[in-house]
Amino acid sequence: MPFLHRPTTLAEAVDLLSILDNAMVYGGGTAIQILVKQGILHADNFVDLALVPGLRDIEAGPQGVRVGPMVSLRRMETDERVRATVPLAAAAYHHVANPRVRNTASVGGNIAHGDYRLDPPTALLVLGATVEATSVRGTREIPVREFFTGFQQTALEPDELVSAIRIPAQPAGSGHRFEKNSSLGENDWPCASAAVLVTGHEVHIGLGAVAPTPRHVTFDARGLDDQQAVDAALEAAEPALDPIPDVRGGVAYKRALARVTIEDAVRAAWKEHRNG
Amino acid sequence: MNRITLTVNGVRHFVDVEDETLLLDVLRDTAGTTSVREGCGVGACGACTVLAGGTSVSSCLALAVRYDGAELTTAEGLDENDDVVSSFVDCNAAQCGYCIPGFLLMSRELLSENPHPTGQEITDHLEGNICRCGTYPEIHRAVAAAAERRAIR
Amino acid sequence: MAELREGWVGGRRARFDTAGRVRGLVSHVGDQPVGAGAHVAVHRSTQPHARIGAVHTADALAMPGVYAVVTGAELHKQLGDRLFTGPAFADQPALAYEKVRYVGEPVAAVLAADLATARAAADAVYVDYEELPPVYDLADALTGTAFVHEELKPSAVFGDLRHLHGVRDTNVNYTYRLRHGDAQAARDAGAHTVTGEFWAPPTHHVPIELPCTIAWVDAGRLEMLTTTQTPSYVRQTISDLLGLPLSRVRVTTRPLGGSFGAKMYDRLEPLAAALAWTTGRKVRIVASREEAFLLTTRHGAAVTSSLTADGEGNLVSAIADVRYDTGAYADVGPRITGKSGMVAPGPYRIANASVLSRCVYTNKPSAGPFRGFGVPQVTWSHESLIDELAHELGEDPYAFRRRHLLREGDEAPMGTRMHSADFVGCLDAVANAIDWFSPLDRGTGRIRRGRGVAVGVKAVLTPTIANAVLQFNQDASATLLISTIDMGQGSDTIMAQVAADVLRMDSTRIHVVRADTDATPYDTITAGSRSTYHTGNAVRRVAEAMRDKLIGLAADRFGVPASDVELTEAGLRGGGQVVPVTELILGHFGARGATLTTEANYTSKWVPYDKETGRSAKVTEHWFAGAVGVELAVDTATGRVRIEHLAVAGDVGKAINPRLVEQQLTGAAIMGIGHALFDQLVLDQGQLINGTLLDYQLPSVRDLPGRLTPIIVESPHDDGPFGAKGVGETGILGVAPAVANAVRDAIGVRITRLPLTPESIVTALEGNA
Amino acid sequence: MKLASEFSVPAAPEKVFPLFFDPETMRGCIPGCERLVREDEQTYRGTLVNEIAHVRFSAGFAAVISSVTDQPDGKAVAAVLSGEDRRLGSSIKIDARLTVRPDGEGDSSGDSSVVGYEMDMALWGKLGRLGEPIIRRRSREVELEFAKALAAACGAPLDRVEAMDSAAKPAGGGTLRRLAGARPAATAPAAGQRDPVVELAVATQRLAVVATAVSLVSLLVAVFRRGR
């Protein structure tokens, strides 16, 4: 395993990232440990954020929540303020893997992994979240909608770390739904997932596992009834569907499942919005 | 080499570990708590579950240095009269038993967070543990029974 | 008294040490420290089929903490062709010698101070290969010109394989043929024929405990502690491998953390023994999960079959061409090919049957025994066919089966009569449980419901041998020595129940000794659901011998004939006197703590298959009969199947412990649900691509049916201990076809390839539309 | 694993072909190709090195031509490539078929070719265990890199090369015609139709695409560098 650095301040952490060769941020460590064991991760240095104070904070206000990178996924599903302010995000975090993984995996590591199948990015895309990226050069803000640049690639520079994620509060009266479908065991990775937010005038859809990156689409929902909204959603999502065939399904099946997932999620969110 | 302190089932251990040493190996080789077992090595089966400060962790993916100072509980640390243990026993919730300590600790965590779980909540909390003998029905009943026992007290 | 009876035959007592299992206090092989021993890691082939050139070990040897790097060539230099072992064919080397035959085959072994060093050093080994044409699948193997083995090498053990010795230019290592009547003519003349091309993929057992073997040399003897279901077999293999008398090999065991067939015959043991013997070091080998996937698998099997009825709906012909893909090494594949091929027509009265069953080498990880021993793969075929035939004839699939099922005394197509195999009782039980004849809400929109049933038949492994030794202690406790391995099925518990029932004693006072070939007597294997019947019979006999011995002592003491003495809970009673057992033995020996010893044997016999017809008047000691009924819902949009109710019935003759029998039935059904819906090993040109638990699909608590109903059917066997038979495999046989039949009922589509993934269902629906 | 695709190069076949005579050009086109030599009539050897996100991947590989076929609308060649990365304990073997034909549709000026490939790729060892989705995904990106480099080498104007990039954006269709999952057609070696010059050209081209596939391996290693 690479050398483990354990900085105790954020400044020290970004310094390390700027000077070390082949350094990688060690957050929750769940994904990294798996890759280490598979013998294919060849980082020379890990920069462990566990001892940096303040990175486990959740700040909540009427505008939204600001979440430190070392906050566990589990807290995102259980924290009352998160559940009240951004329930769609709480729902998506709840669906990741299993409770033990969610206890360990971190919000920052999860998004930095950039994997196309992860659940939380779908909700973060829909809610218009922002990633705070910090390096020795300072802190910049990256809209999540610009964060996923390629297959397991993100907008982060090698010397940057995720120092926070800010999620704007869900609008009052909006309807939301997170839907996830696996294609093999019930507890398998998703084969298609969709987070949907319906507000007074538009619908946002975040898609997981149906393309090489998490995808976001939106459309104007004014004047539509529920069936029209579903049709509009499927039409809007169509160009975003670009599934990778694998043991969990071929392209045709994954597209079909994505459409079912979108339809179910839009219907449920639409209904909640109407009833809400 | 790092010197860390782990409290395992109430006993303090002072251990020298490498950066890469996994909590699983410290628990098995140093603390001698062999109920913590490697089943998959990737956090997917739950056989290596340990409670750290009451929170479930896959010890096969956990760096030991990160648990310096932690209070750890393994299945050995639970009393035979513990509600969850006795419910598992009474419900016959073990065949070969290899995975059961992991289920036991997950159940403990669930009931400490949620004393009256629904059937779906029990399922949700145990989803990441594999019992290849297929003892799920008995385990599910045991968790519900433990919740009832606690409620009666 | 009632408590005492809970521990006798028919009682529902809990397993030994459930509390210890729950808290993880039962120790397993991997928990044993090895002290200064060497940890072993294996360098594996990156070629499916290649000649081995140079094996470069210098980099590995130069690493600090590495003791030795051993290659197949080095082992062969010392052990010669004894390096090749296997239960049916002596074809598998402990380390690849001259050739590699699958991706992941062990090529070199590193011995090091710790496991991490050993694994790093194993990565540093590299090998020059000369590629050979690979054989990836059954089609390649049967029609191509590349051969996995130069010639067939049947092991010395089996006389019926002798004629295969030295046969060249084939990948078929064993062929079983059944010819009963003229199946082809009957098919041609029949009124209704259904046909199918069925596929059951390779799968893995995935017991959660990883395989582990520790071996060392002690005073010129090779000793080992290992995760195995077959200690007696392993002792023989190691004896043959090292050229030692059996008395100089000791195999010891601990309870297994699950196995299901994964930990038997030649796994880590030959390599561990060879390394310990040739280096003199104590060695420990533990497989990682990824490695465990390569040690053995369940046979992928293709079945091309037909079933024909005449104008009156009588079954007149069953034809099956069965191909088992056994991978690079035969393991027990030839036995599976025969035992399972012979039941390919199914448990039905069929006038004419023809089966061709072949065991085929390919360049893939070896396939071996797995719960069901090849029978689920043929059950998949015959239970799909008879269902389809019922549909074709417009008959109810349950009633059609029931009409044709074999009854007590009927001769099955392979020539053996049925006894204690209540197929009708099992089928009725599951049909009742799922309310087969009640109206079903079939659904109108996206969700469609259906019901299905399936019946399974399997023969117990025959002939086999079981032995038992009983020491009755002066304090009225007992020590039972058998070589049955408790791997979760509860054998230690039920064997104690059998002995306690005979000896009218408290079953918790009987300790069952863990198999240790220095102490416990020979037992063929713990597998194929054979232990309850065979070892159970040996235990019953050894207890009866002890009872007779105690009665003899009491008769002497009372001065009455033995026939006047009776063993009761209170002690020995006769001639108006009663003496507690403790006092009887104390009086006999004049010493506290003394022991009485008895021993007993049970050996089953068979009549070998007729060479021409494949038939036998007694092909098996007894039959397993089971049935599964399923009610399920199909989401036609996603293709996902939700099983709402699954009922599983097994005829166990007599349940020694109904609680454990029910658990075996439900546990097998849950494993079967995985096989039905998603569980499979995916290989791409010889490379396993889903060999981690992140990708390999196992049933979790989320995959449970809404209801799961185990049903015990008891049709006592004349020769079983108290009428009992085993149950470990019965529950799994019919699960996949019952699910597929219910899917057929729900959406009108017949799927013939397992697993029934949502994609396969959606695709089939589209094809049907 | 079967991979198949085709892409357009903004140059006529007559312009594309000569480039394949030049190992230097090919070396420049194949992502990560450091060395490429012709050993004999049928055999080529090369080295692929990739340094992406700090990971250095190095694999020696060999390509052996098994057949060359003239077809009514172009040329086809079949080859077998094998390579090995010892450090990662992995081997790769590819049965591949490559075709080049004039682009009938689209470009009205006629200065366009379609390069098609069908590969049956076996990846054994550590990398093989990772499964196919990553490789499939990476194959598209590597293909695009190769196609762009080839187009540039053909002397296509820079704006057209850049246009390939945008046209190849996911779900864009256009220049990149993805046929993933298509089964390779059988290739019958046509005796008597061999043209040594063409053979060499197409062989090298074949080699290029095959090598492109090998470089997928290096790219997917890079994938994991970025994992968190």
Side-chain angles (χ1 to χ4, degrees), chain B residues 18 20-21 25 28-29 32-47 74-80 82 84-90 92-104 122-140 142, chain C residues 12 14-15 17-28 30-31 33 115-116 205-210 255-260 286 288-290 486-490 659-660 662-664 666-674 692-696 698-704 708 710 731:
Chain B
E18 305 284 352
E20 66 265 32
T21 304
D25 295 323
R28 288 182 61 83
D29 299 342
T33 48
T34 52
S35 72
V36 185
R37 294 155 176 161
E38 175 163 333
C40 68
V42 292
C45 78
T74 70
E76 289 100 332
L78 301 188
D79 189 88
E80 202 164 314
D82 175 275
V84 185
V85 173
S86 63
S87 294
F88 268 64
V89 172
D90 293 348
N92 204 29
Q95 295 190 52
C96 80
Y98 202 78
C99 65
I100 297 300
F103 277 97
L104 189 74
I122 295 172
T123 298
D124 286 351
H125 207 79
L126 301 179
E127 67 182 343
N129 288 60
I130 298 295
C131 172
R132 196 56 169 145
C133 296
T135 320
Y136 300 121
E138 293 88 344
I139 293 168
H140 208 278
Chain C
R12 298 178 67 91
R15 275 186 187 74
D17 201 19
T18 299
R21 285 172 201 265
V22 166
R23 294 171 62 223
L25 303 180
V26 174
S27 83
H28 298 273
D31 301 338
L115 187 55
H205 321 61
V206 199
I208 301 301
E209 180 199 28
L210 292 163
L256 297 178
S259 186
F260 318 107
V286 62
S288 69
R289 177 56 64 194
E290 291 189 32
D486 198 322
M487 46 198 174
Q489 82 280 40
R659 196 179 193 189
L660 301 192
E662 287 164 2
Q663 217 165 19
Q664 283 295 300
T666 56
I670 290 167
M671 188 175 272
I673 288 169
T692 79
L693 292 200
L694 294 172
D695 292 316
Y696 195 80
L698 299 172
S700 77
V701 67
R702 283 200 183 284
D703 298 296
L704 282 191
L708 182 51

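Sequence lines set the chain letters: A, B, ... in the order given, protein chains first and strands last, and positions in each chain run from 1.
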Point to revise | Engaged part of C/Pro699 at the chain B interface, taking heavy atoms whose separation is under 4.5 Å | key: both
Exercise for review: Tell me, out of C/Gln663, C/Arg289, C/Arg21, C/Glu209, who's got the most heavy-atom pairs with chain B below 4.5 Å.
Suggested key: C/Gln663
Study note, to complete from the structure: chain C shares the most heavy-atom pairs under 4.5 Å, among B/His140, B/Glu20, B/Glu80, with B/Glu80
Check your understanding: Given the options B/Gly43, B/Ala75, B/Gly97, which has more heavy-atom pairs under 4.5 Å with chain C than any of the others?
Key -> B/Ala75
**Study point:** Partners meeting side chain to side chain contact (heavy atoms under 4.5 Å, CB included) with C/Thr666 (sequence neighbours left out)
**Key:** B/Glu138, C/Leu708, C/Pro710
Practice item. State, with a plain yes or no, whether a side-chain heavy atom of B/Arg132 is found less than 4.5 Å away from one of C/His205. Key: no
Practice item. Using the test salt bridge (Lys or Arg N to Asp or Glu O under 4.0 Å), find all partners of C/Asp17 that sit at least two apart in sequence or belong to another chain. Key: none
Review point. Would a 4.5 Å heavy-atom cut-off, applied to side chains only, mark B/Arg37 and C/Ile208 as touching?
Key: no
**Study point:** Smallest separation among heavy atoms of B/Ile100 and C/Val22, with atom names
**Key:** CG2-CA, 3.8 Å
Exercise for review: Provide the closest heavy-atom pair for C/Arg23 versus B/Ser35 in the form atom of the first, atom of the second, distance.
Suggested key: O-CB, 3.7 Å
Exercise for review: Please tell me if the side chains of C/Leu210 and B/Glu38 come closer than 4.5 Å, counting only heavy atoms from C-beta onward.
Suggested key: yes
Practice item. Evaluate the side-chain proximity of C/Arg702 to B/Leu126: yes if any heavy-atom separation is below 4.5 Å, no if none is. Key: no
Check your understanding: B/Val89 and C/Ala19: which non-hydrogen atoms are nearest, and at how many Å?
Key -> CG2-CA, 3.6 Å
Study note, to complete from the structure: Rounded to the nearest 0.5 Å, the OH atom of B/Tyr98 sits from the CG atom of C/Leu256 at a distance of 10.5 Å
Check your understanding: Side chain, backbone, both or neither: which part of B/Asp124 has an atom under 4.5 Å from a heavy atom of chain C?
Key -> both
Exercise for review: Examine whether an atom of C/Phe260 lies under 4.5 Å from a heavy atom of chain B, and if so say whether it belongs to the side chain, the backbone or both; otherwise answer neither.
Suggested key: side chain
Practice item. Provide the closest heavy-atom pair for B/Cys96 versus C/Gly257 in the form atom of the first, atom of the second, distance. Key: SG-C, 3.4 Å
Revision key, fill the gap. Ranking C/Leu25, C/Val206, C/Asp703 by heavy-atom pairs under 4.5 Å to chain B gives rank one to C/Val206
Practice item. May I ask you to test the C/Leu660-B/Asn92 pair for a side-chain heavy-atom distance under 4.5 Å? Key: yes
**Study point:** Residue among C/Gln664, C/Glu290, C/Met487, C/Arg15 with most heavy-atom pairs under 4.5 Å to chain B
**Key:** C/Arg15
Review point. Side chains of B/Pro137 and C/Ile670: does their closest heavy-atom pair fall under 4.5 Å?
Key: yes
Check your understanding: Roughly how far, to the nearest 0.5 Å, is SG of B/Cys133 from CD of C/Gln489?
Key -> 9.0 Å
